[in-house]
Amino acid sequence: MIKIAPSILSADFARLADGVAEAEAAGADWIHVDVMDGHFVPNITIGPPVVAALRKVTDLPLDVHLMIAAPERYVDAFADAGADILTVHQEATTHLHRTVQAIKHRAIRAGVSLNPATPAHTLGEILPYLDLVLVMSVNPGFGGQSFVPTSTAKIARIRRMLADGGIHDVEVQVDGGIGPDTAGEVTAAGATVLVAGAAVFGGVGTVAENITAIRTAAR
Ligand code: DX5
Ligand code: ZN
């Protein structure tokens, strides 16, 4: 079963609870929260207080994507705020294994994300420790960008690495430029969680119609 994780980056920041409620009513599986620091990526978004506020308005898993430098500094703050999944960038932390262990130590799920130009094989040694791999299919920093086409083959490569390693129960998530036009190819390649911001909150229909369109295309 494919999971849909709407990214609130494209929701109305003054009415986040309403956006989350709409997504939840429409059958969203997770809520994807994009944290940006103006350093690892050019944009600045939100931090632990907003995650804590979201925690109070939804029971859906909060899938927190840290696009921040040295994310190990903030593992406890986001875990305390109520994150269920914490994903860090491979490019942003020097001691990735230690950072992943710190997340697991908080009894929440740990993910590692790769930028479009970071090869899949760099995950080789960390894969057995992960709950989730996040393939960025745009350069992180902004919503509404176009899907980088080489991402599909990268998802398939990561799927093969997992199979070759006999590793099960790892979600392969894809983030950036996902909508009804791209959902089919990425799920065929092995993605199990689809993040979508613009296509959900800025799409042609209602939030419910947009989520349904993505789910249908993913099948
Ligand atoms: C990009 C973020 C994404 C973003 C996706 O840096 O990590 O989660 O919100 O947005 P869309 O779906 O609009 O490409
Ligand atoms: Zn994201």
Side-chain angles (χ1 to χ4, degrees), residues 3 5 7-9 30-52 54-55 60-141 151 154-155 157-176 190-193 195:
K3 295 185 181 71
S7 163
I8 56 164
L9 185 61
W30 296 352
I31 298 297
H32 185 83
V33 183
D34 286 307
V35 177
M36 306 186 187
D37 66 351
H39 184 66
F40 179 66
V41 292
N43 204 357
I44 300 178
T45 54
I46 60 179
V50 176
V51 173
L54 291 170
R55 182 70 291 161
L60 289 182
L62 293 176
D63 168 35
V64 178
H65 177 192
L66 297 182
M67 287 162 276
I68 64 176
E72 59 275 9
R73 297 171 299 159
Y74 291 98
V75 167
D76 284 329
F78 283 100
D80 289 343
D84 296 282
I85 302 143
L86 261 190
T87 297
V88 299
H89 269 261
Q90 192 255 38
E91 304 88 355
T93 181
T94 306
H95 302 288
L96 181 60
H97 179 269
R98 179 182 289 152
T99 303
V100 167
Q101 294 305 116
I103 297 170
K104 307 283 280 191
H105 185 69
R106 294 300 310 257
I108 60 178
R109 282 180 271 178
V112 169
S113 180
L114 299 182
N115 283 335
T118 305
H121 67 76
T122 60
L123 287 173
E125 303 303 324
I126 199 71
L127 266 189
Y129 302 97
L130 300 183
D131 300 298
L132 178 146
V133 172
L134 169 50
V135 175
M136 283 308 298
S137 43
V138 298
N139 289 290
S151 309
K154 190 172 179 180
I155 290 165
R157 267 196 292 281
I158 291 167
R159 229 344 119 204
R160 275 198 300 278
M161 288 168 68
L162 289 167
D164 291 348
I167 302 167
H168 307 289
D169 299 330
V170 174
E171 302 277 11
V172 178
Q173 183 178 45
V174 58
D175 182 7
T192 52
V193 187
V195 176

For L62 and G82, the nearest pair of non-hydrogen atoms, with its separation, is CD1-O, 3.9 Å
Which atom pair, heavy atoms only, marks the closest approach of A81 to P48? CB-O, 3.5 Å
Nearest atoms (heavy-atom pairs only) where V75 meets A102: CG1-O, 3.8 Å
Criterion side chain to side chain contact (heavy atoms under 4.5 Å, CB included) against V35, the qualifying member of T87, L86, I68: I68
Give a yes or no on whether the backbone of A70 and the side-chain of T93 come within a donor-acceptor separation of less than 3.5 Å. no
Pairs involving residues 116-126, ordered by first then second residue, that meet salt bridge (Lys or Arg N to Asp or Glu O under 4.0 Å) (sequence neighbours left out): none
Please find the pair of heavy atoms, one from S137 and one from G176, that lie closest to each other, and give the distance. OG-O, 2.7 Å
What residues form a side chain to side chain contact (heavy atoms under 4.5 Å, CB included) with A79, not counting sequence neighbours? R106, I108
So L96 and V88, do their side chains get closer than 4.5 Å, heavy atoms only? yes
What side chain to side chain donor-acceptor pair (under 3.5 Å) pairs are there with at least one residue in residues 161-173, not counting sequence neighbours? K3-E171, D63-Q173, E171-T192
Drop me the distance from I158's CD1 to L127's CG, to the nearest 0.5 angstrom. 7.5 Å
Evaluate L114 against K154 for side chain to side chain contact (heavy atoms under 4.5 Å, CB included), listing each step before the verdict. CA-CA 10 Å; L114 299 182; K154 190 172 179 180; 3.9 Å; yes
Check salt bridge (charged side-chain N to carboxylate O under 4.0 Å, His left out) between D37 and all other residues, then give those that pass, not counting sequence neighbours. none
Taking all non-hydrogen atoms of both residues, which atom of V172 and which atom of G190 are closest, and how far apart? CB-O, 3.8 Å
Residue pairs meeting salt bridge (Lys or Arg N to Asp or Glu O under 4.0 Å), one or both in residues 41-52, sequence neighbours left out, come to none
With sequence neighbours left out, write down each residue that passes side-chain hydrogen bond (donor to acceptor under 3.5 Å, both in side chains) with S7, or none if nothing qualifies. D34
With sequence neighbours left out, which residue pairs that include part of residues 85-104 fulfil the salt bridge (Lys or Arg N to Asp or Glu O under 4.0 Å) condition? K104-D131
Holding to side-chain hydrogen bond (donor to acceptor under 3.5 Å, both in side chains), I want the full list of residues that pass it with D84, two or more places apart in sequence or in another chain. R55
Closest heavy-atom contact between P116 and P140? CD-CD, 4.4 Å
Who passes salt bridge (charged side-chain N to carboxylate O under 4.0 Å, His left out) against E72, sequence neighbours left out? none
For Q90 and T118: C-alpha separation, side-chain torsions, deciding distance, then whether side-chain hydrogen bond (donor to acceptor under 3.5 Å, both in side chains) applies. CA-CA 9 Å; Q90 192 255 38; T118 305; 5.0 Å; no
Once ring-ring contact (aromatic ring centres under 6.0 Å, His included) is applied, what residue pairs with a partner in residues 60-84 remain, sequence neighbours excluded? H32-H65, H65-H89
Taking C-beta and beyond as the side chain, do V133 and L162 meet within less than 4.5 Å on heavy atoms? no
Qualifying ring-ring contact (aromatic ring centres under 6.0 Å, His included) pairs with a residue from residues 113-138, counting only residues at least two apart or across chains: H97-Y129
Salt bridge (Lys or Arg N to Asp or Glu O under 4.0 Å) pairs, two or more places apart, involving residues 109-120: none
Here the gap from M161 atom CE to L123 atom CG, rounded to the nearest 0.5 Å, amounts to 5.5 Å
